[in-house]
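In each ligand, atom 1 is the first atom listed, and ligand 1 is the first ligand listed. Note: hydrogens, waters and symmetry copies are ignored here, and every other heavy atom, side chains too, is used.
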Amino acid sequence: MDFRFEVLKTDPTGARLGRITTPHGVIDTPAFMPVGTAGTVKGLTQQALCELGVQILLGNTYHLYLRPGHERIRRLGGLHRFMAWDGSILTDSGGFQVFSLADLRKVTDDGALFRSHLDGSEHFLTPEKSIEIQQALGSDIAMVLDECIEFPADHARAADALKRTTAWARRCRDYARANAAGSMTPGQVLFGIVQGGMHADLRRESAHQLVDLDFPGYAVGGLAVGEPHAISCEMAAAATAELPADRPRYVMGVGLPEQLPDYVARGVDMMDCVLPTRNARNGCLFTSAGRINIKNAIYADDPRPLDEQCACMVCRTYSRAYLRHLFQANEILASILNSHHNVAFFLDIMSKIRQAIAFGELAAFSTEFQARMEAGQP
Ligand SMILES: [Zn+2]
C-alpha cells in the first residue's frame, strides 16, 4: 500500500480530520503516537497496544542503533517483525537524542560526532547514516536528520542551524531516493523537519525551504523545550501556515493533555510524547478531572476506579486503593497498569478531538476540556 494522506473535514479553528495510509495500515488523524523508545512502549505488550487501538507508534533510531544494532534488526526482518508489531511505525532520525542525551563531541556540516551513553564508544551520525539506519529498521515513516539547538537560542544561532537542517534534509532525501530498495519496508516515506528556534520568521523560512524539497509530510521540531506554551503554539502556527494542506504535519515531542487541542487547532495532524508512559512509572496519572499522584495517602482506602469517565481495562477492573498499594510496594504491575491507563487517556482525548472536528466544534470542546483539566490541578 502506498503512502496516502486525505483530509476528510476541516474545523473553523483550522483543525483537520484526516486519514494517513502507510504500508502497515490506516491512521486516523489527528493522532497521538506513544513512544516505543527501544522497540517497546515501556510497560505495554503489543497485545495491549492493539487493545488500546494504537495505530502508530514511534521508535528511536539512536537507541536501536546502539542496542541491539540496526543491522541485527535488519537480519531479523526489520523492526515490525523484530518487535512483533503489525501497525505503523515512525522512527525519528536520532538527531534529538544525539544533540540532547549523548555526549556530543563535535558538529560539522558533515554530521555529528558523539559518544554512546551506553559504553562511551564514538560514533558519527550523518544524514546518510541516519537514513541507512531507518531503512534497516524499516519504519513506515522516517525522519530527516536535523540540527537541534539549545533553548534559548538567538536569531543568528537559530538561522545557522536552519541552514544546516535544510542541507541535511536534502541529503537525506537524495540518499533515501537513491537507496529506496534498501529499506525493509517498501513504500517507506521521509518527512522533513521545520526548525528555526523561537523565531517566527525563521520558522516560515525553514518551512519554505523544505517545501521546495517536496516531502510527503512535514514535522515541526524543537518545540516544548522550555519555552512558554503560547510561544510553542505561535511557532507551530508560523510553520503550518506555510506547509501544503495536502501533506500531514507532525509536531514532535508534545504535549500535556490540555495542550493537544491547541496544536490540533493550528492544523497539526500528528503528535508524540513520552509523557503518558514516563509519568505513569512515576505514579502521575492523567484523569478526566485532572492529574493525580497515586502514591498520595488519600487513595489508600479509595475503592473507586482511577477515572470514572475512562473505559480502559484498568479503570474497569481495579480500584485506586489497589493501584496505590502496587505503587507503594514497588510492584512491576504498577507500571504496567499505570501506563495502560495513561496511554488510554491520551488516545481517548484524540478520539474526542476527532469527533469534535467532525462536528465543527473543536473550539467549544477545547474550552470545556481545558477548564476541567485546570480545575482538577492540585
Ligand atoms: Zn483508564
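The pair R157-E150 counts as a salt bridge, with a side-chain nitrogen and a carboxylate oxygen less than 4.0 angstrom apart.
In this structure, S366 contributes its side chain and L362 its backbone to a donor-acceptor pair below 3.5 Å.
C310 contributes SG and C312 contributes SG; the angle these two atoms make at the Zn ion (ligand 1) is 110°, rounded to 10°.
Residue side and main chain included, H340 places no N/O/S atom under 2.8 Å of the Zn ion (ligand 1).
To the nearest 0.5 Å, the span separating CD1 on I20 from CD on E6 amounts to 10.5 Å.
With D140 as reference, T22 is the one residue of T21, L90, T22 to meet the side chain to side chain contact (heavy atoms under 4.5 Å, CB included) rule.
Closest to the Zn ion (ligand 1) among the N, O or S atoms of H341 is ND1.
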